[in-house]
Amino acid sequence: MPPMAYPKVTSAHNAGNVPASPRFPEIETQVLDYWKKDGTFQASIDNRDAGRDGENEFVFYDGPPFANGLPHYGHLLTGYVKDIVPRYQTMRGKRVERRFGWDTHGLPAELEAMRQLGLKTTDEIAEMGIDKFNAASRASVLKYTGEWRDYVTRQARWVDFDNDYKTLNPDYMESVIWAFKTLHDKGLVYEGFRVLPYCWQDETPLSNHELRMDDDVYKERQDPAVTVGYALDATGEDEVLDGAHILIWTTTPWTLPSNLAVMVGSDIDYVVVEGPVPGTDATAKYVLAEARLAAYQKELFPEAEEATVLGRYKGSELLGRTYQPPFSYYAGHANAFRVVAADDAVTTTDGTGVVHTAGAFGEVDKEITDRENIEAVMPVGKDGRFTAPVVDYAGVQVFDANLQIIDHLKAVTRGTAGGSVTAGTILLRRESYNHSYPHCWRCRQPLIYKGVSSWFVEVTKIKDRMLELNQQIRWVPEHIQDGQFGKWLENARDWSITRNRFWGSPVPVWKSDDPAYPRLDVYGSFAELERDFGTLPKDAEGNPDLHRPYVDDLVRPNPDDPTGKSMMRRVSDVLDVWFDSGSMSFAQNHVPFENEEWFQHHFPGDFIVEYIGQTRGWFYTLHILATALFDRPAFSSCISHGIVLGSDGQKMSKSLRNYPDVNEVFDRDGADAMRWFLMSSPILRGGNLVVTEQGIRDSVRQVMIPLWNSWYFFQLYANAADLETTGSTTSKDPLDRYVLAKLRDYVAEMTSAMDDYYVAEACEATQRFIDVLTNWYIRRSRERFWNEDKAAFDTLYTVLETVTRLVAPLLPLTTEEIWRGLTGGRSVHLADYPVVGDLPADGDLVARMDAVRAVCSSTSALRKARKLRNRLPLGGLTVVGADIAGFEEIVADEVNVKSVRLLAADSDEAGTYGIEQRLAVNARAAGPRLGKDVQKAIKGAKSGDWSVDESGQVVAGGLALVEGEYTLETVAGAATDDIAVSMLGTSSGAGGFIVLDTVVTPDLAAEGLARDLVRAVQQARKDSGLNVEDRITLSVTGSETVRQAATTHAELIARETLATTYDVVDSLDGNPVDLGDGEKAQIAVAKA
RNA sequence: GCGCUUAUAGCUCAGACGGUUAGAGCACCACACUGAUAAUGUGGGGGUCGGAGGUUCAAGUCCUCCUAAGCGCACCA
């Protein structure tokens, strides 16, 4: 063992043993173990001072996932961003606390609990006991927290699980009820009525989300559709309309007993026609949209071609007319049974152009009846069965009641008794109607729309302010601001925040149970509750707990009731989970009960990230509450990323197995590979991403292996050289200075991209730099490392150390291994992010070196075109008009020529190489002046119809061009057998060209063969398993030409192959190997 | 039905302000190079820039309409 060879690889597992072909997943788990033992994460926070008033803190909000399932790619994707940004900010010197959060309340947890407990209805829940039920809900929602922790840890995401927040914690819930009370005090909450899709089987309203849960939620269903005529009241003002029957069409006959109004479109044309009353000899007048007349030909004018129109009316002319409702249950209902306008809701594509509305059984219905001051009625119980006052069908499930209702309508139409159907009501048509209808995703029963009482946040009142505050938020991608989010805000409606359920934060409202002595109290803290009730809500163990049923136990006499009989009882609702998560920005820190001072300095938070759909979810609810409570935005920057798709471009689906298994990817390619794959994609700019195994492997191949190989190369030679280095940026070597200057540019790119949250751009910049590092700097500098050039080691050390810090957020595990191996330090994540000032700038050098690369590239192309293999040395290369002064040797070596000459573009000699000038018309400049003629000039320039006279006047296509309207470019002209000419492609070499001497002299040919021999011997060495430093004995033979070359260049061959004895012999056994020029050789290699 | 986003090579994407031979990376093929490299270099095949109109001297780029996809909203009486 050499004494303390450099680098000091500190990880015990690989001291002096850096693998050439690393198994990244193994390295990753070792790094993860190290972090765990070392407490690196905590140190990365503790190391950074919060500063005065926490001014040095970067506040990151971790959106709480609902963890009743395992994490998938979407969570991992978000998780990577949630890790990268805080890591970067930490390295930039900020203190970044990262508390994990859990969304714990709500219907999904309850449904899981119901499933486990075998419960079907809310009555069964109440029967079993809310305490037991909620305990089961709590357990179900925390079931997967362990798995989540494993996944998140494995993906190398640093987040504090021990100090997490949960929406079910008493502190969190206290902040939530504080928010409710504050909104109430500001007049921003009210109690109202909300129409929701409702499952009568499971006795629960469904959220919009649940309606989209499955593709087969909307299923074809056949319902009876009826067309019913209501008798308009006579006004005596219009004998055509008086007594006419206004025709409505509905697919939910069961809503007819609750009819409250009929809706027409103001601009729709309606007609009154006379037609038969079905099942009788009588006739009646009917009102319907003219556009729908033809659809009712069979019923209205079975004999005639056309109906006899008795009168025509615009919808607006019908408004206000009253009619006899089809059922008498709600006779006398205030403001009801009128024709009202609903211009957006009424169409003439189906039915009659008149829509019956039942208030509480449709969203639009509710909106219209509210507008018309018609109070909604609800004769349907939570089990979907009729209740009072609909006595005829009481206890009948609404879908079952359809047929009875139709029978009764039919009977009354024919003049016989039909329950409570109003006499004079006409059932004109009964049909079956197929339509797409929502079903419960759990029990598969058809849903009904049903009004339920709810509390609302009056978002419409603060909408304008929300739009203003949105302008203060930085969105990635930018179009979200005024696009998806801005548009959503513009159309914001009041937010229903309560659910008639069990497992959630309570609505902190207590009401008097006697309407004779009304009183309403809202509570916003434990202390207020204790003050009024003399005790806190406490769970079975006596701990304060705001959950039901404990909070429901707080009851006290109504102070406003002198009789002392009525009691203050809590309303039974709980808050919607979105109210919980929208409260996260303050509730996670128990604001305002604690941390109020800190909060003032750290609100809005600096950064959040979630998928784009959260513009109507978490982003939205955070924004509502921040605006309403604090008049600020909740966050100042937000990335909303796209959707992760399966390998077939479809949504990821467990059953289709169209995506690589997460754990398999971790085990085979590693978490960093997945991180790179996701982060370098357009998904953070709002695009979608198709996940494929190939894509993940490509990131290993294109980024991680080259980076690792650079490190492997460095440590291999550094250990062999037994050098000490601490890095330096002072090397005078041009390649060193070049790579350092490039590194400086790269630092600037990274800082700018990361500051702007353009993670994919950072990945791109990294790939470009790694290419410069491996395929130019290291490749060109190998000899200096073999020669133990300290400046080269110092430079490469500096570059690798800097690059690992730059890339640390993007590849945290891999860079940790390399950086610690390099420096022996504790962790790259405790280091500071590089700054440009650490590195020397040299724009001129960078430009020249880029020109060098262009020269080499063009020369290779010439060799290729002339079939001149690279090992064959050529006499000379002339570089014209490209500034590569000082790099002639690099070029000579790289392209294997004996000499490199530089010529000025305007030198006489340059003119001898068959170089031509080309005219390019600058259309942007010439176009506006010449108009149409510019096309002639362009044509002329292209076809060669142009000239320059002595005064420098340029004429193209017969048109004189002025300065700035054209550029004269130099192009390669005809080549000869002896020279090849090529233009330089890059901007740094624009206008320049190279001239390659292609004459192969016998000397050059011999040297080429000698080099072929060297190569053949090297291959033979490798094939026989010799080490790099092993000495050999070598014999070669071949044709006269080969033997000649082998003898002439004996010294070169012996030196390059480390041959201690070297003989050119007349004959040898063994297979011949191919050399260039069609020659073959036989060689014998043995270890000396 | 409405809105947002997207549509460019087999794949993933760039292509300010309109400017005349539409680029990159990956993949593929050939050749070359190779004692850090599962690498690398050079060349090549591959495009009616989703379609149709229009504006303009000039359109991948601007306008109109259409088509397709993703997302969202609404509707589903």
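Residue numbers begin at 1 in each chain, while the letters A, B, ... track the order of the sequences. From a predicted model like this one, the values you see are computed outputs, not experimental measurements.
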Legend entry - Most 5' of A/E764 and A/K1022 on RNA chain B, judged by nearest nucleotide: A/E764
Inset, instruction - Describe the nucleic acid contact of A/L1026 in one word from base, sugar-phosphate, nothing, applying a heavy-atom distance below 4.0 Å. - result: base
Inset, instruction - Using only heavy-atom distances, decide whether a donor-acceptor pair under 3.5 angstrom links the side-chain of A/R1021 to the base of B/G35. - result: yes
Legend entry - Integer-rounded Å distance: B/C33 P and A/L874 CG: 12 Å
Inset, instruction - Using whole Å, report how far CG of A/D933 lies from C1' of B/U20. - result: 16 Å
Legend entry - Between B/G51 and B/C11 - P atom distance, rounded Å: 15 Å
Legend entry - Contact under 4.0 Å: A/R779 side-chain N or O vs B/G41 OP1/OP2: no
Legend entry - Touch class at under 4.0 angstrom, heavy-atom based, for A/I480 against every strand present: nothing
Inset, instruction - Could you measure between the two C1' atoms, the one in B/U20 and the one in B/C57, and give it in whole Å? - result: 11 Å
Inset, instruction - Would you name the heavy atoms of A/V346 and A/G353 that are closest together and state the gap between them? - result: CG1-O, 3.3 Å
Inset, instruction - Classify the nucleic acid contact of A/T615 as base, sugar-phosphate or nothing, counting any heavy atom under 4.0 Å across all strands shown. - result: nothing
Inset, instruction - Calculate the interatomic distance between A/E490 atom CD and B/C2 atom C1'; express it in whole Å. - result: 14 Å
Inset, instruction - Any strand is fair game: report the nucleotide pairing with B/U56 by Watson-Crick or G-U wobble, both distances under 3.5 Å, or none. - result: none
Inset, instruction - Drop me the distance from A/L77's CG to A/E610's CD, to the nearest 0.5 angstrom. - result: 10.0 Å
Legend entry - Base partner of B/G46, which must satisfy Watson-Crick or wobble distances under 3.5 Å: none
Inset, instruction - Write down the distance between NZ (A/K487) and C1' (B/G72), rounded to a whole number of angstrom. - result: 12 Å
Inset, instruction - In whole angstrom, give the distance that lies between atom CG of A/L868 and atom P of B/G43. - result: 15 Å
Legend entry - C1' atoms of B/U48 and B/A7, separation to the nearest Å: 15 Å
Inset, instruction - Check whether any side-chain N or O of A/R701 sits under 4.0 Å from OP1 or OP2 of B/A39, and answer yes or no. - result: yes
Legend entry - Pairing partner of B/A74 (Watson-Crick or G-U wobble, both distances under 3.5 Å): none
Legend entry - N or O in side chain of A/S857 less than 4.0 angstrom from B/U42 OP1/OP2: yes
Inset, instruction - Please report, rounded to the nearest Å, how far the P atom of B/G41 is from the NZ atom of A/K864. - result: 15 Å
Legend entry - Given B/A36, B/A77, B/G35, the nucleotide with the shortest approach to the side chain of A/T251: B/A77
Inset, instruction - When you get a sec, tell me which of B/G72, B/G35, B/C33 is the closest nucleotide to the side chain of A/W488? - result: B/G72
Inset, instruction - Searching all strands shown, indicate the nucleotide that pairs with B/A7 (Watson-Crick or G-U wobble; both distances under 3.5 Å). - result: B/U67
Inset, instruction - Output yes when A/E1056 and A/R1015 qualify as a salt bridge under the 4.0 Å nitrogen-oxygen rule, no when they do not. - result: no
Legend entry - Evaluation steps, side-chain contact (heavy atoms from CB on, under 4.5 Å), between A/W708 and A/I27: CA-CA 12 Å; A/W708 185 269; A/I27 292 170; 3.6 Å; yes
Inset, instruction - Could you walk me through whether A/L288 and A/W249 pass side-chain contact (heavy atoms from CB on, under 4.5 Å), step by step? - result: CA-CA 10 Å; A/L288 75 167; A/W249 178 76; over 6 Å; no
Inset, instruction - Assign A/Q484 to base, sugar-phosphate, or nothing according to its heavy-atom contacts below 4.0 angstrom with the strands shown. - result: sugar-phosphate
Inset, instruction - Check every strand shown and say whether A/R863 touches a base, only sugar-phosphate, or nothing at a heavy-atom separation below 4.0 Å. - result: nothing
Inset, instruction - Give one of base, sugar-phosphate or nothing for A/Q702, where a contact means two heavy atoms less than 4.0 Å apart. - result: sugar-phosphate
Inset, instruction - Look at the side-chain N and O atoms of A/Y712 and state whether any lies under 4.0 Å from the OP1 or OP2 oxygen of B/U37. - result: no
Legend entry - A/A861, nearest nucleotide to its side chain (from B/G41, B/C33, B/G43): B/G43
Legend entry - Reference residue A/H356; test side-chain hydrogen bond (donor to acceptor under 3.5 Å, both in side chains); the match among A/T252, A/T250, A/N259, A/D365: A/N259
Legend entry - Euclidean distance, atom CG of residue A/N870 to atom C1' of B/U40 [Å, nearest integer]: 12 Å
Legend entry - Per A/N709 side chain, nearest of listed nucleotides B/A77, B/U20, B/U37: B/U37
Inset, instruction - With RNA chain B as reference, determine whether A/A926 or A/W249 sits nearer its 5' end, using the nearest nucleotide of each. - result: A/A926
Inset, instruction - For nucleotides B/G43 and B/G25, find the distance between their P atoms and express it as a whole number of Å. - result: 11 Å
Legend entry - P atoms of B/G60 and B/C4, separation to the nearest Å: 25 Å
Inset, instruction - May I ask you to say whether A/E749 pairs ionically with A/R768, meaning some side-chain N is under 4.0 Å from a carboxylate O? - result: yes
Inset, instruction - With rounding to the nearest 0.5 Å, note down the distance linking CD in A/E761 to OG1 in A/T766. - result: 11.5 Å
Legend entry - B/G19 to B/A24 separation - C1' atoms, rounded to the nearest Å: 22 Å
Legend entry - Atom-pair distance (CD1 on A/I818; P on B/A36), nearest Å: 18 Å
Legend entry - Pairing partner of B/U37 (Watson-Crick or G-U wobble, both distances under 3.5 Å): none
Legend entry - Test: A/K487 and A/D482 ion pair at under 4.0 Å: no
Legend entry - Short side-chain N/O contact from A/S860 to OP1 or OP2 of B/G41, under 4.0 Å: no
Legend entry - Watson-Crick/G-U partner (both atom distances under 3.5 Å) of B/A22: none
Inset, instruction - Could you check whether A/W786 gets within reach of a base, just the sugar-phosphate, or nothing at all, counting any heavy atom under 4.0 Å? - result: sugar-phosphate
Legend entry - Distance between C1' atoms of B/C66 and B/C29 (Å, rounded): 40 Å
Inset, instruction - Look at the side chain of A/H356 and decide which nucleotide, out of B/A77, B/C76, B/U42, has an atom nearest to it. - result: B/A77
Inset, instruction - Between B/U61 and B/G15, how far apart are the P atoms? Round to whole Å, please. - result: 15 Å
Legend entry - Selected nucleotide, minimal atom distance to A/T252 side chain, candidates B/A36, B/A77, B/C57: B/A77
Inset, instruction - Give a yes/no answer on whether the side chain of A/R782 brings an N or O atom under 4.0 Å of OP1 or OP2 in B/A36. - result: yes
Inset, instruction - Verify the contact: side-chain N or O of A/R871 to OP1 or OP2 of B/C33, cut-off strictly under 4.0 Å; return yes or no. - result: yes
